[in-house]
Amino acid sequence: MKDLLDEIIEKNRYLINKGKVASYIPALGRANPDQIGVCIADMEGNIFAAGDYKQKFTIQSISKTISLMLAIMDNGAEEVFSKVGMEPTGDAFNSIIKLETILPSKPLNPMINAGAIAVASLIKGEDPESKFDRLLALFRKICHNEDLQVNEEVYLSEKSTGNRNRALAYFMKDVGVIHGEVEGILDIYFKQCSIEVDCIDIAKIGLFLANNGVVLETGERVVEEQVAKTIKTFMVTCGMYNASGEFAINVGIPAKSGVGGGIMAAVPRRMGIGVFSPALDEKGNSIAGYGVLKDLSKELDLSFF
Ligand code: GLN
């Protein structure tokens, strides 16, 4: 397996030059574009990894899967989906347009920024800090890694420049999708995006979902099976932004990407996969990461379609 992973990384290395590191969050622009890493965590407890799999990066939009789990645990699915829809958008992840043109006004799904900000507003706790602490505790449990932390530089960089997200949040407050203090809600969202992980951590999130909500190492059931299935379904329909349809055809695995360069994938009942390579395609997905998953899917026959 290790040889296969090395081979697939080398085969896809040329793609790096065709992509660009995200720079709209200034601190992300400093990533080294030449890196590629991959990790597979399987249901037998094996970890296979290759390339720059130890490199730390911020989780970004991959965090939307875990915040959605916590919001559903806190409020029930019915309440959450009264505020956030279940449909793909066909638009960019940070688009604002459909908030106004589709009525009643609510974000179309929890994997776009507007939806994830609405989800963050539903997490329970005394104040934004304690809400985020509960979320971080859930990340640590699912990744089986107590050391997970926020990268302060990325968090502050996004907080000081994230005006598009601020606009989405204020619009949603105006139309009654979110309530309460907007900056506190955004703070939870910016911090969750800035949690620092490596390929092993995100492979473990994939494994947790592949295992339908049970942490493999401890046997602890953290979320209902139905919640894990809901998250995987969103990954198929919306996980790769407006490239989700094409990704389903080419790769056929539930996956969620982030602009930090990570892609987390869950192969039901088989394995979790984490890939990382910070150069992105024009839709904001890791360009070499996509290639690696495409080859892995073919070589290991992972597509479930
Ligand atoms: N923090 C990023 C943002 O809000 C997350 C986006 C992403 O990974 N697609 O813009």
Side-chain angles (χ1 to χ4, degrees), residues 19-31 56-68 84 88-97 99 107-121 132 135-136 139 150-172 178 182-197 199 201-202 205 231 234-235 237-244 247 255-265 274-287 289-290:
K20 272 206 191 80
V21 169
S23 57
Y24 75 100
I25 300 172
L28 290 186
R30 292 193 268 282
K56 295 222 181 297
F57 56 93
T58 53
I59 190 162
Q60 298 298 337
S61 278
I62 300 168
S63 67
K64 294 168 181 171
T65 57
I66 296 185
S67 58
L68 178 59
V84 185
T89 66
D91 299 322
F93 61 82
N94 56 3
S95 176
I96 196 164
I97 189 161
L99 276 183
L108 275 171
N109 71 68
M111 299 292 126
I112 52 172
N113 289 8
I117 293 166
V119 164
S121 79
F132 177 72
L135 183 56
L136 182 60
F139 272 82
V150 168
N151 176 320
E152 287 291 319
E153 187 198 355
V154 174
Y155 157 61
L156 293 173
S157 180
E158 184 159 359
K159 187 179 165 77
S160 64
T161 59
N163 291 322
R164 170 80 72 121
N165 289 323
R166 222 162 248 123
L168 294 170
Y170 278 104
F171 188 92
M172 289 191 289
I178 63 176
V182 169
E183 284 301 325
I185 294 166
L186 284 169
D187 231 42
I188 300 169
Y189 174 73
F190 292 146
K191 279 189 188 156
Q192 74 176 62
C193 288
S194 304
I195 293 173
E196 207 164 46
V197 289
C199 288
D201 295 316
I202 59 171
I205 303 173
I231 308 292
F234 275 122
M235 289 161 67
T237 55
C238 320
M240 302 296 284
Y241 317 122
N242 44 337
S244 299
F247 186 86
K256 181 75 203 85
S257 65
V259 291
I263 306 177
M264 174 274 283
V275 292
F276 163 68
S277 185
L280 309 179
D281 63 21
E282 69 287 352
K283 305 238 167 107
N285 294 313
S286 169
I287 193 162
Y290 189 142

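For reference, positions follow the sequence shown, starting with 1. Numbering of ligands and ligand atoms starts at 1, following listing order.
- Scanning for side-chain hydrogen bond (donor to acceptor under 3.5 Å, both in side chains) contacts around Ser63 gives Gln192, with sequence neighbours left out.
- Checking side-chain atoms of Ser286 against main-chain N and O of Ser277 turns up a donor-acceptor pair under 3.5 Å.
- With a 4.5 Å cut-off on side-chain heavy atoms, Cys199 and Val275 do not count as touching.
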Atom pairs and distances, ligand 1 N/O vs protein N/O under 3.5 Å:
| residue | atom | partner | partner atom | Å |
| --- | --- | --- | --- | --- |
| ligand 1 | 1 (N) | Gln60 | OE1 | 2.6 |
| ligand 1 | 1 (N) | Glu158 | OE1 | 2.9 |
| ligand 1 | 1 (N) | Glu158 | OE2 | 2.6 |
| ligand 1 | 4 (O) | Asn113 | ND2 | 3.1 |
| ligand 1 | 4 (O) | Glu158 | OE2 | 3.0 |
| ligand 1 | 4 (O) | Asn165 | ND2 | 2.9 |
| ligand 1 | 4 (O) | Tyr189 | OH | 2.7 |
| ligand 1 | 8 (O) | Ser61 | N | 3.1 |
| ligand 1 | 8 (O) | Ser61 | OG | 2.7 |
| ligand 1 | 8 (O) | Tyr241 | OH | 3.4 |
| ligand 1 | 8 (O) | Val259 | N | 2.9 |
| ligand 1 | 9 (N) | Ser61 | OG | 2.8 |
| ligand 1 | 9 (N) | Tyr241 | OH | 2.5 |
| ligand 1 | 10 (O) | Tyr24 | OH | 2.5 |
| ligand 1 | 10 (O) | Asn113 | ND2 | 3.2 |

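- Among residues two or more places apart in sequence or in another chain, the side chain to side chain contact (heavy atoms under 4.5 Å, CB included) test is passed with Ala116 by Lys64, Tyr189.
- In terms of the salt bridge (charged side-chain N to carboxylate O under 4.0 Å, His left out) criterion, residue partners of Glu183 (sequence neighbours excluded) are, by chain and number, Arg166.
- In Lys20, the NZ atom is not crowded: 12 or fewer heavy atoms of neighbouring residues, nucleotides or ligands sit closer than 6.0 Å.
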